[in-house]
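Letters A, B, ... mirror the listed sequences (proteins, then strands); counts begin at 1.
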Amino acid sequence: MEILKKISENLQTGNAPKVGELVNKALQQGVSPKDILEGGLIDGMNTIGVKFKNNEVYVPEVLIAARAMHAGMDVLKPILSDSGVEPLGKVIIGTVKGDLHDIGKNLVKMMMEGAGFEVIDLGVDVAADKFVEAVKESKTDILAMSALLTTTMPYMRTVIEAIEKAGLRGQVKIMVGGAPITDNFAKEINADGYAPDAASAAEKCKELLKVS
Amino acid sequence: MDFYKKLSNRGTVLVAPLMGLPGIQLTKTTIKENLENAEIQFQTIKKLKGKFNPDIVFPLMDLSVEAEALGLKIKKPDNESFTVEEHPIKNISDLKQLSIPDPKSTRLAVFLETVKKMSREFTDIPSVAYTIGPYSLAGLLSGTENTAMNTVMQPEFLHETLKFVTELINVYGKALIEAGAEGICILEPAGSLLSPQMFEEFSGNYIKQLKQSWKLPVFLHICGNTTNIIPKMLETACDGLSLDSAVDIINMKQNIPENILIFGNINPVATIAYGSREDVEREATALIEGMRHGKNYVLSSGCDIPADAKLDNIQAMFDIAEKYKMGE
Ligand code: B1M
């Protein structure tokens with residue numbers, strides 16, 4: 001559909017006002033919210049994700065595309081929930097305590113949203129008890145942690161132990177990522193998954209929940 | 001004496017890790033004490049020099065000191081690097097509130113004093129000072145994420161910010177030179193977030209101005225994977241590139257002219273700080289072997305070595321280099 005293609009293209013070039021406008025227009029034309037999400041917003045984000053992986057676009061462009069996606073989501077979200085389109089699952093994400101790096105985490109969050117997950121962002125410098133509380137508060141499928149410092153990555157283990165202690169480990173999948181994190185480290189600390197970049201993080205979520 | 005003259009007396013297998021922080025293990029001091037007191041920092045560097053005999057010495061790395069000089073709020077833990085707490089410069093009128101201070105009246109004075117002591121005392125090897133790079137400093141003023149987006153959304157504001165911070169870095173660099181620095185290494189960690197064109201426009205062109213102004217050897221260090229921007233880093237006319245462990249420098253050396261020094265690039269964290277001695281020996285050997293045909297190579301860490309790194313692993317770099325020196 002022409003208008004979905006336009007949404008995807010404007011998202012990729014980061015034209016936030018235009019994306020919001022086009023999403024509204026598509027709704028008026030009677031396109032279903034689900035099609036707008038999948039054929040427009042998610043399609044655009046996926047394309048950006050692949051281009052980022054291949055060094056065809058860089059961090060600034062991805063951040064700007066993410067902003068445009070949010071502009072589209074702001075219009076779409078209330079309608080999506082009214083029309084009964086269920087998110088694939090609920091993710092709680094945060095950068096661990098002592099760590100202020102959030103650019104990577106924000107990209108991961110956006111790709112997850114783009115893939116159809118509901119994501120709750122706890123921000124940066126998040127302590128274990130805050131993660132535990134958030135998981136307790138509402139039904140969470142995945143707990144996602146990011147760390148960019150070698151000094152803060154061990155804290156991921158602390159969070160996982162706190163989740164275990166609170167008796168929540170059985171009901172939530174845990175995934176980790178960030179530049180210094182490796183697959184081995186993830187296994188060592190008893191996480192369920194690791195992803196090297198934002199696009200694969202969204203894929204990993206689907207894999208962990210066996211949805212697609 | 002000048003940088004190259006001193007280096008030419010040091011043989012062919014040069015070693016200069018970006019090590020300042022681990023020195024606090026030798027002086028039993030805190031990071032905070034070193035970043036606030038020139039005498040303490042100088043003693044830390046002196047101990048490092050005495051223990052390892054490097055071919056170039058650097059001060060401790062501190063990416064917050066220029067931002068502090070501009071009045072930003074800094075968090076100063078006892079034993080972690082200082083960080084900038086708030087990034088309040090959102091538009092031109094915020095920017096206009098800032099002014100360039102006299103470096104001596106700010107914490108920049110700690111580094112001026114440290115470099116002065118270094119260059120006086122260490123007559124055998126060059127003392128190279130650090131400054132932050134313009135794009136990274138702009139990131140601290142306005143927030144890294146905003147600044148990245150501003151390369152596309154508000155390039156005029158970003159250029160105004162860059163002009164201003166470049167002037168501060170220029171003034172600070174000149175004061176470092178006056179204090180005795182024989183080279184300056186510009187630290188531009190956020191440079192690797194940019195595409196080659198963006199890097200040229202928002203970082204490289206400003207670094208080129210600094211190089212022209214300072215008229216002494218200038219090196220450029222960028223953390224992360226810089227493979228794609230190396231040609232643009234070379235266009236800054238800097239005299240050397242310090243490349244992080246994500247770059248395959250053995251493969252890239254053919255693209256770097258022989259008059260440009262290449263510093264690199266053992267993984268400072270996985271290998272040097274927390275790896276085994278054998279890991280360091282293996283990587284150092286591979287690098288020296290792989291880089292041999294260039295006389296322009298300096299064995300170093302890919303980036304700053306963490307404070308709690310095993311000192312014996314740092315020693316291993318020097319031991320391997322020594323082995324090659326003996327063989328010559
Ligand atoms: C849950 O599942 C998942 C799955 C995948 C996940 C995931 C979670 N999270 C991330 N991913 C993955 O997907 C993302 C997209 O593909 C990727 O995310 P990344 O985050 O890796 O990638 C981002 C898209 C882009 N990359 C980044 O955003 C990081 C870039 C660099 C330049 C960087 C930045 C920007 C900053 N820094 Co900092 N910084 C550096 C970085 C050096 C470099 N060039 O890499 C790094 C990470 N910093 C470092 C350091 C030491 C520090 N920093 C500090 C501060 C800062 C700024 C505030 C200035 C700024 C952060 C701004 C912000 N809002 O995030 C200080 C610490 C502050 C703190 N307590 O956290 C300070 C201590 C001070 C200093 N020396 O600079 C180094 C870490 C060394 C180490 N290994 O421990 C560093 C490598 C630079 C260096 N060598 O000095 C993947 O890792």
Is the shortest distance from a Lys or Arg side-chain nitrogen in A:Lys173 or A:Asp192 to a carboxylate oxygen in the other one below 4.0 Å?
no
Give me the contact list for residues 138-157 of chain B versus chain A, heavy atoms only, anything under 4.5 Å, ordered by residue number.
B:Thr144, B:Glu145, B:Ala148, B:Met149, B:Thr151, B:Val152, B:Met153
Hey, are A:Asp129 and A:Lys97 close enough for a salt bridge, meaning a charged N less than 4.0 Å from a carboxylate O?
no
Taking the side chain from B:Asn313 and the backbone from B:Gly275, do they hold a donor-acceptor pair closer than 3.5 Å?
yes
What verdict does the salt bridge (charged side-chain N to carboxylate O under 4.0 Å, His left out) test give for A:Lys18 and A:Glu21, after you've listed the backbone C-alpha separation in whole Å, the side-chain angles of each residue and the deciding distance to 0.1 Å?
CA-CA 5 Å; A:Lys18 190 84 193 168; A:Glu21 191 187 309; 3.7 Å; yes
Any donor and acceptor pair, going by atom type alone, linking the side chain of A:Asp35 with main-chain N or O of A:Val31 inside 3.5 Å?
no
How about B:Tyr130 and B:Phe58: are their ring centres within less than 6.0 Å of each other?
yes
Might you work through the salt bridge (charged side-chain N to carboxylate O under 4.0 Å, His left out) test for A:Lys6 and A:Glu9, ending with a clear yes or no?
CA-CA 5 Å; A:Lys6 266 199 188 149; A:Glu9 283 165 7; over 6 Å; no
Please identify which of these residues, A:Leu100, A:Asn106, A:Asp99, meets the side chain to side chain contact (heavy atoms under 4.5 Å, CB included) condition with A:Asp102.
A:Asn106
Interface residues of residues 49-58 of chain A facing chain B - heavy atom cut-off under 4.5 Å:
A:Asn55, A:Tyr58
Residues at least two apart in sequence or cross-chain that pass ring-ring contact (aromatic ring centres under 6.0 Å, His included) with A:His101, listed by chain then number, are none
Chain A neighbours within residues 266-274 of chain B, where any heavy atom lies under 4.5 Å away
B:Val269, B:Tyr274
Are a donor atom and an acceptor atom from the side chains of A:Asn190 and A:Glu164 found within less than 3.5 Å of each other?
yes
Given 3.5 Å as the limit, does a donor-acceptor pair link the side chain of A:Asp141 with the main chain of A:Lys90, or not?
yes
Taking B:Lys163 first and then B:Glu160, would you say they form a salt bridge - that is, a charged N and a carboxylate O separated by under 4.0 Å?
yes
Check the side chains of A:Thr182 and A:Asn184 for a donor-acceptor pair under 3.5 angstrom, ignoring hydrogens and angles.
no
